[in-house]
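Before any comments, here is the structure.
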Amino acid sequence: MPYEHQKIEQKWQKYWDDNQTFATNDDTSKPKYYAVDMFPYPSGQGLHVGHPEGYTATDIMSRFKRSNGYNVLHPMGWDAFGLPAEQYAMKTGHNPADFTNQNVDHFREQIKSLGLSYDWNREINTTDPKYYKWTQWIFEKLYEKGLAYESNMMVNWDPIDRVVLANEEVIDGKSERSGNKVERKALRQWVLKITAYADRLVDDLDDLDWPEAIKEQQRNWIGRSKGAAVVFNIAESDEKVEVYTTRPDTLFGASYMVLAPEHKLVDAIVTDEQKQAVLDYRTTISSKSDLERTDLNKDKTGVFTGAYGINPINGDKLPIWIADYVLASYGTGAIMAVPAHDDRDFEFAKKFGLSIKPVISGGDVTEAPYTGDGLHINSDFLNGLDKATAIDKTIAWLEANQSGHAQTNFRLRDWIFSRQRYWGEPIPVIHWEDGTTTLVPENELPLLLPHATELRPSGSGESPLANLTDWLEVTREDGVKGRRETNTMPQWAGSSWYFLRYIDPHNEEQLADPDKLKYWMNVDLYVGGAEHAVLHLLYARFWHKFLYDLGVVSTKEPFQKLVNQGMILGANHEKMSKSKGNVVNPDDIVAEFGADTLRVYEMFMGPLTQSKPWSEEGITGSRRWLDRVWRLLIDDEGKLRDHVTTYNPGNLDKIYNQTVKKVTEDLENMRFNTAISQMMVFVNEAYKSEALPIDYMIGFIQLLAPFAPHIAEELWVRLGQDASISYVTWPSYDATQLVDDTVEIIFQVNGKVRGKATVTRDVDKDSMIALAKEDDNVQNFITGKTVRKIIAVPGKFVNIVVG
RNA sequence: GCCGUUGUGGCGGAAUUGGCAGACGCGCUGGACUCAAAAUCCAGUGGUGGCAACACCGUGUGGGUUCGACUCCCACCGACGGCACCA
């Protein structure tokens with residue numbers, strides 16, 4: 001009887017469901033293992049072959065840990081709010097909730113067909129009011145602690161359709177949908193003060209078991225820098241400008257100043273002659289995106305304001321310019337320009353004929369800026385000092401003269417938390433006509449998203465919720481009228497804490513039970529795509545730290561170990577996409593070859609963390625191997641083959657024990673591709689053997705089970721074992737079987753292999769050298785030459801150096 | 001431009017601590033089975049030369065360290081991903 005994957009996979013999936021094999025309890029007597037996949041956005045496209053890669057990896061680890069006596073929590077859920085649903089709803093006139101639920105059902109069915117050992121009783125959905133009640137609750141806590149505030153922030157604005165656009169909806173400065181030219185416009189937004197946690201978000205990275213590259217990206221994103229704030233008085237004015245610099249030591253070299261065009265002080269200091277030029281300049285840059293202002297335009301632009309700043313250290317009068325290379329959102333939105341020692345300032349100074357004054361020796365600043373270290377010149381009391389000393393001395397001078405102070409800055413900006421969208425968690429806030437703002441009382445949460453039959457833009461830049469007057473307008477007991485917040489939360493909100501809810505998903509009283517949180521946190525393994533390296537992981541860490549401060553969770557960090565799976569590319573080595581026609585649908589693979597084949601193939605393709613191309617031949621190879629495993633044990637009539645016996649002639653002892661060792665170690669390190677390769681070697685050896693000792697077959701099936709659980713369960717019972725394999729103790733190996741009495745050693749001459757010999761394991765150095773010298777081929781290379789040196793490592797090799 | 005990742009047979013990849021480069025799979029070649037084919041099983045398979053033993057070349061390129069380098073160091077080139085003119 002051939003290997004019938006469809007029958008077998010259906011049978012065991014039903015068995016696991018009926019027996020609740022993977023339902024997890026809070027048995028705290030066992031060590032715990034918490035494995036989480038980054039939950040998917042249930043798009044209308046359905047599952048992609050990239051999804052099962054990470055899911056299989058965490059599933060293998062979960063199954064492996066169950067066999068090793070761990071209490072394993074392995075859940076799945078849906079990140080189901082999001083822009084595509086809203087766009088689709090606008091286009092078709094449907095409510096996003098309806099087809100989102102259909103998409104979720106489709107995803108669940110597809111994921112279940114892969115035989116993943118999730119505890120489906122813990123399934124969560126970010127759009128479920130029982131879930132988002134707690135998302136709203138966290139927001140309210142943030143608000144109460146002063147970490148959520150309203151502020152005018154720049155957004156992408158379509159001036160004709162009067163809607164706010166996401167960055168991804170803006171293509172070449174135009175709206176993807178309407179084609180209208182997009183402007184930057186300041187709009188009232190809810191903002192979360194993530195910058196209050198900046199130091200901790202950097203410092204606590206050190207203890208995490210994350211890829212170094214991801215940690216580095218987070219550090220760069222947060223961008224902590226140490227420098228100084230310097231205050232410049234403005235000539236013929238009472239105003240002052242504060243600038244931020246990482247190089248206060250170059251203060252004597254400052255030759256002009258630049259304010260961001262949006263800087264508050266510009267209007268106050270601009271002279272009448274320059275007013276029009278400043279206005280015009282602002283207009284030209286207003287339509288530019290950040291990208292256009294920076295990367296796409298290498299040619300520096302700017303306008304003189306007519307005003308001058310006074311350098312506190314030497315009284316120099318410095319012209320004040322505005323230029324878009326200075327950003328309002330970083331530092332103080334103003335800089336002192338030292339063109340001799342900064343690339344950008346140099347370029348700007350050259351273009352506009354501003355003076356360039358060297359204050360550090362080492363380069364030729366008529367040619368290029370010098371940014372290296374060196375002794376200071378033209379700098380009064382700093383002359384002759386190096387960079388570090390001069391920085392300290394300048395800061396001391398600034399502080400003594402009330403002209404500045406040491407300052408740490410972050411590149412990280414506060415998190416714009418509101419979206420002008422319908423399909424998101426409502427922000428539980430009411431704006432009253434008396435000018436006050438209050439939270440929706442905690443006992444009234446969740447604030448439900450009202451059902452909308454037809455979504456229309458509000459026309460005011462507000463979300464479509466502004467059209468729903470019944471929901472929008474509220475009246476207090478004292479008759480004061482109010483209006484609900486029409487902004488909703490971003491998709492990042494629900495995904496910033498979902499791994500906590502899995503721990504206690506049905507709790508109506510609190511976000512999750514503290515004792516359960518204490519037992520299960522942190523997440524021991526978190527797997528997902530590298531595209532979330534910064535934003536999602538940073539936001540989730542921020543919320544977690546906030547919840548830690550509140551005493552809700554007892555750990556500082558949410559994810560102890562993080563692994564990023566690589567991308568699965570199309571057969572042409574390009575990213576899979578509909579337009580390229582290289583998309584592979586996992587449903588087709590499961591139907592034709594089976595889920596076990598898909599799992600084995602995706603794990604065998606290469607290291608989990610690397611991108612690798614899909615191959616049609618590759619998948620058939622994996623299927624062929626599972627066929628081979630089946631036929632090794634089962635004959636044409638569907639019976640266990642007679643050569644599976646209790647008699648052990650010993651010829652498989654070594655390879656079996658090697659295989660158990662290698663697969664176990666590879667699993668511990670998530671090296672799935674080499675684990676599978678070792679099992680293939682074992683099967684190849686088993687095919688050559690007359691007798692197959694049943695104990696070895698049982699052990700082998702256990703090794704196979706995490707990778708290909710359905711076929712493993714089936715062969716397991718056919719080997720006479722009780723169903724099911726999921727919690728059976730992992731096999732061990734006999735280390736004494738791994739060592740041979742003899743070893744093969746190699747003979748080298750000048751580092752090149754010239755011969756080999758088989759010797760007893762405990763052979764000594766001298767006899768190895770003697771054997772080497774006797775070797776015919778070695779003699780070809782050493783006779784007539786002087787032996788200069790001999791290196792011998794017992795049991796490994798002899799290297800004779802001749803010259 | 002900057003940052004990150006990455007370069008090994010025809011292809012995916014292995015070599016975990018500096019010690020036989022190419023495990024395993026795909027593909028290809030040959031054999032067995034078959035009337036034949038498919039499937040399956042067995043064997044071979046980095047390149048060049050040689051009947052062979054074996055020799056030379058070979059891990060993106062050029063240098064270096066070392067008895068010995070895919071592995072360590074320096075410089076460069078290509079591919080992929082991300083993006084901040086961050087003062």
Side-chain angles (χ1 to χ4, degrees), chain A residues 2 211-214 216-217 220-221 223 225 227-228 243-247 250 258 260 290-291 293-295 297-298 300 323-327 329-338 342-345 347-348 409-413 530-531 533-534 564 566-567 569 571 573-575 600-601 604-607 609-622 624-625 627-628 631 662 665-666 669 671 673-681 683-684 687-688 744-756 776-777 780 788-793 796-803:
Chain A
E212 211 38 60
I214 300 289
E216 199 53 29
Q217 277 186 71
N220 292 342
W221 188 267
S225 72
V243 306
Y244 174 72
T245 176
T246 53
R247 295 295 304 274
T250 60
V258 184
D290 277 359
L291 206 69
R293 271 176 66 163
T294 59
D295 278 357
N297 184 4
K298 287 288 155 199
K300 294 249 178 315
D324 60 1
Y325 82 93
V326 173
L327 303 179
S329 54
Y330 183 77
T332 58
I335 63 157
M336 62 178 214
V338 185
D342 181 283
D343 296 318
R344 296 152 300 180
D345 298 344
E347 201 188 315
F348 192 83
N409 246 352
F410 297 93
R411 181 187 163 274
L412 182 71
R413 301 171 195 172
E531 66 272 21
V534 177
N564 291 120
M567 211 184 306
L569 306 168
H573 289 67
E574 288 183 273
K575 211 167 165 170
V600 167
Y601 176 58
F604 184 61
M605 290 169 87
T609 53
Q610 254 167 51
S611 294
K612 52 241 154 188
W614 185 265
S615 152
E616 203 55 50
E617 289 80 31
I619 190 94
T620 60
S622 293
R624 222 142 60 189
W625 181 65
D627 277 326
R628 210 166 136 79
R631 277 195 310 270
K662 172 91 173 131
E665 288 173 0
D666 280 350
N669 294 293
R671 290 189 296 251
N673 54 331
T674 49
I676 292 169
S677 139
Q678 180 64 37
M679 288 190 283
M680 288 174 169
V681 171
V683 170
N684 290 346
Y687 259 80
K688 290 173 195 159
E744 191 183 55
I745 57 169
I746 57 165
F747 302 141
Q748 298 179 339
V749 178
N750 287 345
K752 291 199 171 183
V753 180
R754 298 303 181 188
K756 295 175 186 185
D776 287 349
N777 200 39
N780 290 339
R788 305 220 177 261
K789 195 173 180 183
I790 297 177
I791 297 121
V793 176
K796 286 202 166 168
F797 68 94
V798 177
N799 186 14
I800 302 173
V801 184
V802 296

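Below, chain A is the first sequence line, B the second, and so on; all start at residue 1.
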- Query: Nearest nucleotide by nearest heavy atom, which residue falls closer to the 5' end of RNA chain B, A:G223 or A:Y687?
  - Reply: A:Y687
- Closest approach of A:V338 to A:D345 (non-hydrogen atoms, all atoms of both residues): N-OD2, 3.0 Å
- Check every strand shown and say whether A:N220 touches a base, only sugar-phosphate, or nothing at a heavy-atom separation below 4.0 Å. sugar-phosphate
- When every non-hydrogen atom of A:I676 is compared with those of A:V600, the smallest separation belongs to CD1-O, 3.6 Å
- Message: So A:N564, base contact, sugar-phosphate only, or nothing? Heavy-atom distance under 4.0 Å.
- Response: nothing
- Message: When the C1' atoms of B:A69 and B:G58 are compared, how many Å lie between them, rounded to an integer?
- Response: 14 Å
- Gap in Å between the two C1' atoms, one belonging to B:G18 and one to B:C73, rounded: 13 Å
- Task: In whole angstrom, give me the gap between the C1' atoms of B:G27 and B:C80.
- Result: 26 Å
- Nearest-Å distance, NZ (A:K752) to C1' (B:C54)? 14 Å
- Output yes when at least one side-chain N/O atom of A:R631 is less than 4.0 Å from OP1 or OP2 of B:C41, else no. yes
- Query: According to a strict under-4.0 Å criterion, is A:R754 in side-chain N/O contact with OP1 or OP2 of B:A55?
  - Reply: yes
- Message: Can you check the distance between B:U66 and B:U17, where both ends of the measurement are the P atom (answer in whole Å)?
- Response: 23 Å
- Task: Verify the contact: side-chain N or O of A:K789 to OP1 or OP2 of B:C67, cut-off strictly under 4.0 Å; return yes or no.
- Result: yes
- Using the P atom as the reference point in each nucleotide, state the distance between B:A21 and B:A55 in Å, no decimals. 12 Å
- Task: With rounding to the nearest 0.5 Å, note down the distance linking CG in A:N750 to NZ in A:K752.
- Result: 9.0 Å
- Message: On RNA chain B, does the nearest nucleotide to A:R344 precede the nearest nucleotide to A:Q217 from the 5' side, or the other way round? Give the residue.
- Response: A:Q217
- Query: Roughly how many Å is it from CG in A:D776 to P in B:C54, rounded to a whole number?
  - Reply: 10 Å
- Message: By the 4.0 Å heavy-atom rule, please label A:N673 as base, sugar-phosphate, or nothing.
- Response: sugar-phosphate
- Centroid-centroid distance, A:Y601 to A:W625, less than 6.0 Å: no
- Task: Kindly say whether A:R628 contributes a backbone atom to a donor-acceptor pair with the side chain of A:Y687 at under 3.5 angstrom?
- Result: yes
- Message: Rounded to whole Å, how long is the line connecting atom CD1 of A:I214 with atom P of B:U5?
- Response: 10 Å
- Query: A:N777 side chain N/O closer than 4.0 Å to the phosphate oxygens (OP1, OP2) of B:A55?
  - Reply: yes
- Distance from A:K662 atom NZ to A:R671 atom CZ, nearest 0.5 Å? 6.0 Å
- Roughly how many Å is it from CE in A:M567 to C1' in B:A79, rounded to a whole number? 14 Å
- Message: Distance check needed: B:C20 P versus A:N799 CG, whole Å only.
- Response: 12 Å
- Item | Rounded distance in Å between the P positions of B:U16 and B:G10 | 23 Å
- Task: Measure the spacing between CD1 of A:I791 and CD1 of A:I800 and express it to the nearest 0.5 Å.
- Result: 10.0 Å
- Starting from P on B:G12, measure out to CD1 on A:I619 and report it in whole angstrom. 17 Å
- Task: Can you tell me the distance, in whole Å, between the NE2 atom of A:H573 and the C1' atom of B:G78?
- Result: 15 Å
- Query: When rounded to the nearest Å, what value does the distance between P atoms of B:G44 and B:A53 take?
  - Reply: 14 Å
- Which part of the nucleic acid, if any, lies within contact of A:K575, taking any heavy atom under 4.0 Å across all strands shown: a base, the sugar-phosphate backbone alone, or nothing? nothing
- Could you tell me whether A:Q748 contacts a base, only the sugar-phosphate backbone, or nothing, with contacts defined as non-hydrogen atoms closer than 4.0 Å? base
Distances under 3.5 Å between protein N/O atoms and the N/O atoms of nucleotides 24-30 of chain B, please, pair by pair.
| residue | atom | partner | partner atom | Å |
| --- | --- | --- | --- | --- |
| B:C24 | O4' | A:S677 | OG | 3.4 |
| B:G25 | OP1 | A:N684 | ND2 | 3.1 |
| B:C26 | OP1 | A:R624 | NE | 3.4 |
| B:C26 | OP1 | A:R624 | NH2 | 2.9 |
| B:G27 | OP2 | A:R624 | NH2 | 2.8 |

- Query: A:Y330 side chain N/O closer than 4.0 Å to the phosphate oxygens (OP1, OP2) of B:A87?
  - Reply: yes
- Between OH on residue A:Y325 and CD on residue A:E347, distance to nearest 0.5 Å: 9.0 Å
- Give the nucleotide from the list B:A87, B:U16, B:G4 with an atom nearest to the side chain of A:T246. B:A87
- Query: Between A:I746 (CD1) and B:C67 (P), how many Å, whole number?
  - Reply: 17 Å
- Watson-Crick and G-U pairing of RNA chain B written in dot-bracket, each distance under 3.5 angstrom, with | for inter-strand partners: (((((((..(((......[....)))((((((.......))))))((((....))))..(((((..]....))))))))))))....
- Query: Looking at the angle O4'-C1'-N9-C4 for a purine or O4'-C1'-N1-C2 for a pyrimidine, is B:G78 syn or anti, with syn meaning within 90° of 0?
  - Reply: anti
- Where do A:F348 and A:A323 come nearest, in terms of heavy atoms and distance? CE1-CB, 3.7 Å
- State the CD1-CZ distance between A:I619 and A:R624, to the nearest 0.5 angstrom. 12.5 Å
- What distance separates A:N409 CG from A:T332 OG1, expressed to the nearest 0.5 Å? 8.0 Å
- How far does the P atom of B:G63 sit from the matching atom of B:C51, given to the nearest Å? 34 Å
- Taking every heavy atom of A:N777 against every heavy atom of A:R754, the minimum-distance pair comes out as ND2-O, 2.8 Å
- Task: Would you tell me if any nitrogen or oxygen in the side chain of A:S225 comes within less than 4.0 Å of OP1 or OP2 on B:A87?
- Result: yes
- Task: Look at the side chain of A:K688 and the base of B:C42, then say whether one donor and one acceptor between them are separated by less than 3.5 Å.
- Result: no
